Amino acid sequence: MERDSSSSDEDDDRQNLIEQNDTKHHYSPPPAQNQDQPPSTFHISVNDFHLDTIRRRFLHFLHNKRCLFAILLPLLILILFFSTDLRHLFSFSSDLRLDSLSSRDRMRESELQALYLLKQQQLGLFTLWNHTHTLPLPKSNSNSTSTSNYSQSDLNLAVLNQISLNRQIQQILLSPHRTGDSSEPIDVSDPRFGFDTCAKVGQKNKNERRTIEWKPKPNKYLFAICLSGQMSNHLICLEKHMFFAALLNRVLVIPSSKFDYQYDRVLDFDHINKCLGRKVIISFEDLLEAKKNHLHVDRLFCYFSLPQPCYLDEEHIKKLKSIGVSMGKPEPIWKEDIRNPNKRTVQDVESKFSSDEDVIAIGDVFFADLEQDWVMQPGGPIAHQCKTLIEPSRLIMLTAQRFVQTFLGKNFVALHFRRHGFLKFCNVKTHSCFFPIPQAADCITQVVEKAGAPVIYLSTDAAESETSLLQSLVVLNGKAVPLVKRPARNSAEKWDALLYRHGLEGDSQVEAMLDKTICAMSSVFIGAPGSTFTEDILRLRKDWGSASMCDEYLCQGEEPNFIADNE
């Protein structure tokens, strides 16, 4: 109750003071009082009056604060207007909104990419499961064998590919969460695995290879004829001729440079004889000399009958005659078309091409499909003591090594980027192999990222306009990955001095073989699908043991995102 009374009194006093503030007061001395008169209860002393005046002024100031605020507010707005760049303020706000939207878009894009890769991983795991779930459990003294076609190396590679794909998915999911302008990749590798994504492919033990001994009979020869395509096709043709010669127990005669390429400028035939420990190869010139400048092919067996016997036309027959070679009429052994060759066996060849004649020929066998499991083995189907039989000459090998030491270093990706004449060739296929440069650049960048290589060796016949665009688009972590091509001859550079001193400089076939050799030495190789140049590089890598798990054809498994109509 006392609290309420006190509060009411304070309100009354405040009201009285406010009302008094509105009335003018004039001070006059208090009237004299009779001493006998008691003091008035309304008498105010001078000190009380001064305190009352201060209080009234203060309350008057508080009462008029709204007016003061109304005056100061426009002044404050004017100061802010002239001292602040409002456009920058609104722009900053807009940028924040755009950054927020961009971040959401990047996150959504990453999620979609990750979902796609997860589906790919699921398919890969299903394939792995279908090949391995029938494996029997290990049992002691068990002679049971697996029905699976997967070897241990195949299984390791399949698992490794799934781990690599999982790392890629993690990178994509984490990419929107990178801070600032950092372009460094986020390391999500698990140290427990300790694997190399692009490790070398394991080779079979020599004792596990299926091979045949090449032991020629005295004075029995197989005259090689290779006419299809360019040098790479001819080298594959020669390799197959070597297999035929081994099966038929004959020495292989290398064609004359007047009829074919000058093989001794790019290959070392003495190397082949040394690997076999006997003479299995002879040059045309040496045999012609032994035959007193007249070489007669006793039987011309034709492996292919269509589109023409032995794939040998009248023009080439005349050219052979001009260099001292005569031969009988072509004899087709069976109906065989180069456009649809049949699979043939060792027994087929031995039964159809065996002969007691001294010199025989079988025509061009580039398209022959003979025991591919044998032919495609590392080292080939013939027993020998070297890594491979057909390999670049010693001069080319040394020159390639010097180039790698000068420009590339140990870890580099090699790219065979075929373009000239490839557009029409690829577009008539069921699946075109000619990719737009931006799409090709994306594929190349992915391989470079897996390989962790700082540089790419470029072997190409493409125009400068195409390679320049490709160079501008191969970018990893914000940095361009250099595309290195062999430079023109410069006397200040010594890496190619051996070729220059031996008169091999400027030879197109020597330069092509040099390109192959450099590509075969790379950490990872990207080839051109459908190119025999690429296939010969893959053969060398397989035989030398330099093949990588990351080796692939350009944009392997993809279709060009745009394909032109055929004529």
Side-chain angles (χ1 to χ4, degrees), residues 209-228 234 236-255 269 272-273 275-284 286-288 290-291 294-306 308-312 316-317 320 325-338 340-377 379-384 389-390:
R209 288 172 52 215
R210 185 185 179 190
T211 58
I212 184 173
E213 293 286 339
W214 189 359
K215 296 181 177 180
K217 296 177 182 178
N219 301 319
K220 301 296 180 181
Y221 303 97
L222 175 64
F223 187 84
I225 298 176
C226 297
L227 304 173
S228 174
H234 287 222
I236 294 173
C237 175
L238 279 181
E239 185 180 22
K240 291 184 178 181
H241 263 95
M242 289 167 58
F243 191 20
F244 277 90
L247 292 173
L248 300 174
N249 299 313
R250 291 177 176 271
V251 173
L252 183 65
V253 182
I254 301 300
F269 292 116
I272 298 175
N273 291 327
C275 290
L276 273 296
R278 63 186 69 91
K279 191 162 186 175
V280 295
I281 298 284
I282 188 172
S283 70
F284 169 81
D286 288 345
L287 183 59
L288 187 64
K291 296 290 184 178
H294 180 73
L295 177 60
H296 180 70
V297 177
D298 301 307
R299 298 286 296 272
L300 181 55
F301 299 115
C302 292
Y303 187 94
F304 285 103
S305 58
L306 296 172
Q308 54 195 6
C310 289
Y311 201 62
L312 188 64
H316 284 95
I317 292 176
L320 284 172
V325 178
S326 62
M327 61 182 63
K329 186 179 179 181
E331 304 175 36
I333 295 298
W334 46 41
K335 185 178 180 180
E336 192 78 22
D337 193 336
I338 65 169
N340 187 28
N342 295 301
K343 292 183 180 297
R344 301 293 182 178
T345 66
V346 168
Q347 292 73 23
D348 293 334
V349 171
E350 290 176 339
S351 63
K352 295 292 184 179
F353 294 91
S354 294
S355 171
D356 290 330
E357 305 290 347
D358 289 344
V359 183
I360 68 169
I362 58 176
D364 194 320
V365 291
F366 169 75
F367 296 100
D369 187 355
L370 172 65
E371 300 285 7
Q372 286 300 303
D373 291 342
W374 281 30
V375 173
M376 298 305 294
Q377 293 177 109
I382 299 172
H384 57 83
L389 291 178
I390 296 182

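What you see is a predicted model; the values in this text were computed from it and never measured. Because only heavy atoms are used, hydrogens play no part in the values below, and waters and symmetry mates are left out as well, while side chains stay in.
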Results of side-chain contact (heavy atoms from CB on, under 4.5 Å) for Glu357 - residues two or more places apart only: Asp298, Arg299, Ser355, Ile360
Gap separating the CG atom of Leu238 from the CZ atom of Phe269, nearest 0.5 angstrom: 6.5 Å
Minimum-distance pair of heavy atoms, taken over all atoms of Cys310 and Phe301: SG-O, 3.6 Å
Arg344 and Glu336, any side-chain heavy atoms less than 4.5 Å apart: yes
Side-chain (Ser283) to main-chain (Ile254) donor-acceptor, under 3.5 angstrom: no
Under the side chain to side chain donor-acceptor pair (under 3.5 Å) test, residues paired with Ser354 that sit two or more places apart: none
Spacing of Phe367 atom CZ and Ile236 atom CD1 [to the nearest 0.5 Å]: 10.0 Å
For Leu227 against His234, the heavy-atom pair lying closest together: C-NE2, 3.6 Å
Separation between CG of Leu300 and NZ of Lys329, rounded to the nearest 0.5 Å: 11.5 Å
Contacts of Arg278 that satisfy salt bridge (charged side-chain N to carboxylate O under 4.0 Å, His left out) - sequence neighbours left out: none
All pairs passing salt bridge (Lys or Arg N to Asp or Glu O under 4.0 Å) where residues 367-376 contributes a residue, at least two apart: Lys343-Asp369
Pairing residues for Asn249 by the side chain to side chain donor-acceptor pair (under 3.5 Å) criterion, not counting sequence neighbours: none
Residue pair Ile333 / Ile362, side-chain heavy-atom distance below 4.5 Å: no
Heavy-atom pair with the smallest gap, counting every atom of Trp334 and Tyr303: NE1-O, 2.9 Å
Side chain to side chain donor-acceptor pair (under 3.5 Å) partners for Glu239, two or more places apart: none
For residues 213-226, which side-chain donor-acceptor pairs fall under 3.5 Å, sequence neighbours excluded?
from: Trp214; atom 1: NE1; to: Arg250; atom 2: O; distance (Å): 2.9
from: Lys220; atom 1: NZ; to: Asp356; atom 2: O; distance (Å): 2.6
from: Lys220; atom 1: NZ; to: Asp358; atom 2: OD1; distance (Å): 3.2

For Asp348, all residues meeting side chain to side chain donor-acceptor pair (under 3.5 Å), sequence neighbours excluded: Thr345
Residues which pass ring pair (Phe, Tyr, Trp, His ring centres under 6.0 Å) with Trp374, listed by chain and number, not counting sequence neighbours: Phe243
Side-chain heavy atoms of Val365 within contact of Cys237, under 4.5 Å: yes
Heavy-atom side-chain contact between Cys275 and Ile382 under 4.5 Å: no
Asn273: side-chain contact (heavy atoms from CB on, under 4.5 Å) partners, not counting sequence neighbours: Asp270, Lys279, Val280, Ile281
Listed partners of Phe284 passing ring pair (Phe, Tyr, Trp, His ring centres under 6.0 Å), at least two apart: none
Shortest non-hydrogen contact between Leu370 and Leu247, atoms and distance: CD2-CD1, 4.2 Å
Heavy-atom side-chain proximity of Leu312 to Asp364 below 4.5 angstrom: no
side-chain contact (heavy atoms from CB on, under 4.5 Å) against Ser326, all qualifying residues, sequence neighbours excluded: His294, His296
Taking every non-hydrogen atom, the tightest pair across Pro330 and Cys302: CB-SG, 3.6 Å
